[in-house]
2 protein chains.
Amino acid sequence: MKKITIGEAARQSGVKVPTIRYYEGIGLLSAPSRSEGNQRSYEPSDLNRLAFIRHARELGFEIEAIRTLLQLQDDPHQSCASADAIAKARLIEVEQRIRSLNALKAELELMVEGCGHGRVDQCRVIEVLADHGKCAHPHH
Amino acid sequence: MKKITIGEAARQSGVKVPTIRYYEGIGLLSAPSRSEGNQRSYEPSDLNRLAFIRHARELGFEIEAIRTLLQLQDDPHQSCASADAIAKARLIEVEQRIRSLNALKAELELMVEGCGHGRVDQCRVIEVLADHGKCAHPHH
DNA sequence: CTTGCACCTCTAGTCGCTAGAGGATGTAGG
DNA sequence: CCTACATCCTCTAGCGACTAGAGGTGCAAG
């Protein structure tokens with residue numbers, strides 16, 4: 001029941017102060033009550049919401065997806081099909097990103113290995129960049 | 001020796017017309033000569049530069065890194081140590097990103113598997129988001 | 001009472017483009 | 001030669017998700 005300043009909320013949630021204000025501005029967080037001197041004063045329950053948002057952001061969910069997920073959380077009688085769909089879509093995104101990054105990794109490794117540490121005209125890094133055809137896996 | 005319009009350059013390089021103009025604006029590409037009617041007219045050699053930039057962007061290099069790489073390419077007598085360093089730094093970034101995405105993937109898979117497709121109050125997706133402690137690998 | 005930090009609002013900047021307005025040019029057909 | 005239409009030009013503003021900074025107020029300790 002203790003009221004919390006924005007700085008304290010930031011410390012406890014791991015979300016930076018300006019970011020908290022930003023979330024309020026875009027309506028992701030409802031505006032808290034204010035102290036006599038017009039300073040934001042949060043309830044402990046607001047920390048849960050902040051933690052939820054932070055965790056979702058860490059998992060790479062977009063703000064709009066988080067908005068939907070928060071609405072679902074607020075109304076526990078709804079079907080969780082949308083939450084499931086959002087998470088699945090995110091999973092597919094992540095899997096694709098991993099595949100593409102693995103291709104990049106292979107390419108970069110070849111470039112770095114092939115670098116004779118001499119002059120630029122023998123440098124495989126520059127050479128490969130200049131000629132996509134020299135890529136081992138050209139499908140990126 | 002044939003001059004090329006910006007549209008043709010875009011088609012041949014795979015870089016979009018506004019993006020080519022953007023690259024010129026930020027000084028990544030030098031301004032080409034102009035036709036009588038003030039339209040950009042590119043040399044075939046400009047296509048190589050565009051392809052270089054496009055390839056480097058596909059590999060995730062930042063504009064500033066590409067600026068450096070292009071300078072190195074322009075002066076082939078320089079040591080390629082900087083090119084090597086840039087590529088290595090990018091490789092490390094990519095490796096870290098892959099690791100972190102793999103952790104995310106595991107988390108998302110658990111969330112999606114655990115979803116009983118019922119109501120939100122039994123939904124593991126929402127539950128895990130609300131409580132980071134329920135993560136299998138909490139170090140993301 | 002003063003120091004100094006934390007808070008307030010507001011605007012503008014970041015990155016790498018992308019979209020759109022409003023107008024000029026170039027080309028192909030009639 | 002005229003018209004239609006695609007392509008080009010410049011310029012400004014917008015995207016997402018913040019971050020930085022200016023300029024001012026609140027508050028707690030010494």
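Every chain is numbered from 1, with letters handed out A, B, ... down the list of sequences.
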note = Atom CG of A/Leu28 and atom C1' of D/dA17 are separated, to the nearest Å, by 11 Å

request  = With heavy atoms under 4.0 Å as the rule, sort A/Glu36 into base, sugar-phosphate or nothing.
outcome  = nothing

query = Counting any heavy atom closer than 4.0 Å, what does A/Ile6 reach on the DNA or RNA strands: base, sugar-phosphate only, or nothing?
reply = sugar-phosphate

query = In whole angstroms, how far is the P atom of D/dA17 from the CZ atom of A/Arg54?
reply = 17 Å

ask   = Hey, is the side chain of B/Lys16 poking within less than 4.0 Å of OP1 or OP2 on C/dT18, counting only N and O atoms?
value = yes

query = Within a reach of under 6.0 Å around CZ of A/Arg67, are more than 12 heavy atoms found that belong to other residues, nucleotides or ligands?
reply = yes

inquiry  = Taking the minimum atom-to-atom distance to the side chain of B/Pro18, which one of D/dT19, D/dC8, C/dT18 wins?
reply    = C/dT18

Shortest non-hydrogen contact between A/Arg90 and B/Leu108, atoms and distance = CG-CD1, 3.7 Å

message = Just N and O in the side chain of B/Ser35: are any of them under 4.0 Å from OP1 or OP2 of D/dC8?
response = no

note = Walking DNA chain D from its 5' end, the first of B/Arg11 and B/Arg34 to be reached, judged by nearest nucleotide, is B/Arg11

ask   = Would you say B/Arg21 reaches D/dC11's phosphate, i.e. side-chain N/O to OP1/OP2 under 4.0 Å?
value = no

key: Distance, rounded to the nearest Å, where B/Tyr22 contributes OH and D/dC8 contributes P   = 21 Å

ask   = Can you tell me if the side-chain N/O atoms of B/Thr5 get under 4.0 Å from OP1 or OP2 in D/dC8?
value = yes

ask   = Between atom NZ in B/Lys3 and atom P in D/dT7, what is the gap in whole Å?
value = 22 Å

request  = Scan B/Tyr23 against the nucleic acid and name what it touches under 4.0 Å (heavy atoms): base, sugar-phosphate only, or nothing.
outcome  = sugar-phosphate

message = Tell me whether A/Glu58 is salt-bridged to A/Arg54, with the criterion being a basic N under 4.0 Å from an acidic carboxylate O.
response = yes

key: Rounded interatomic separation in angstrom, taking OH from B/Tyr42 and P from D/dC8   = 10 Å

ask   = Nearest-Å distance, CD1 (B/Ile26) to C1' (C/dT14)?
value = 13 Å

inquiry  = Does C/dC8 have its OP1 or OP2 closer than 4.0 Å to a side-chain nitrogen or oxygen of A/Arg40?
reply    = yes

query = Hey, quick one: are B/Ile66 and B/Leu47 part of the same hydrophobic cluster, counting side-chain heavy atoms closer than 4.5 Å, chains of contacts allowed?
reply = yes

key: Toward the 5' end of DNA chain D, by each residue's nearest nucleotide, A/Thr19 or A/Gln39   = A/Thr19

note = note: A/Ile20, atom CD1; C/dC8, atom C1'; distance rounded to Å ~ 14 Å

key: d(CZ, A/Arg67; P, D/dG16) in whole Å   = 10 Å

query = Any luck finding a side-chain donor-acceptor pair between B/Ser33 and B/Lys3 under 3.5 Å?
reply = yes

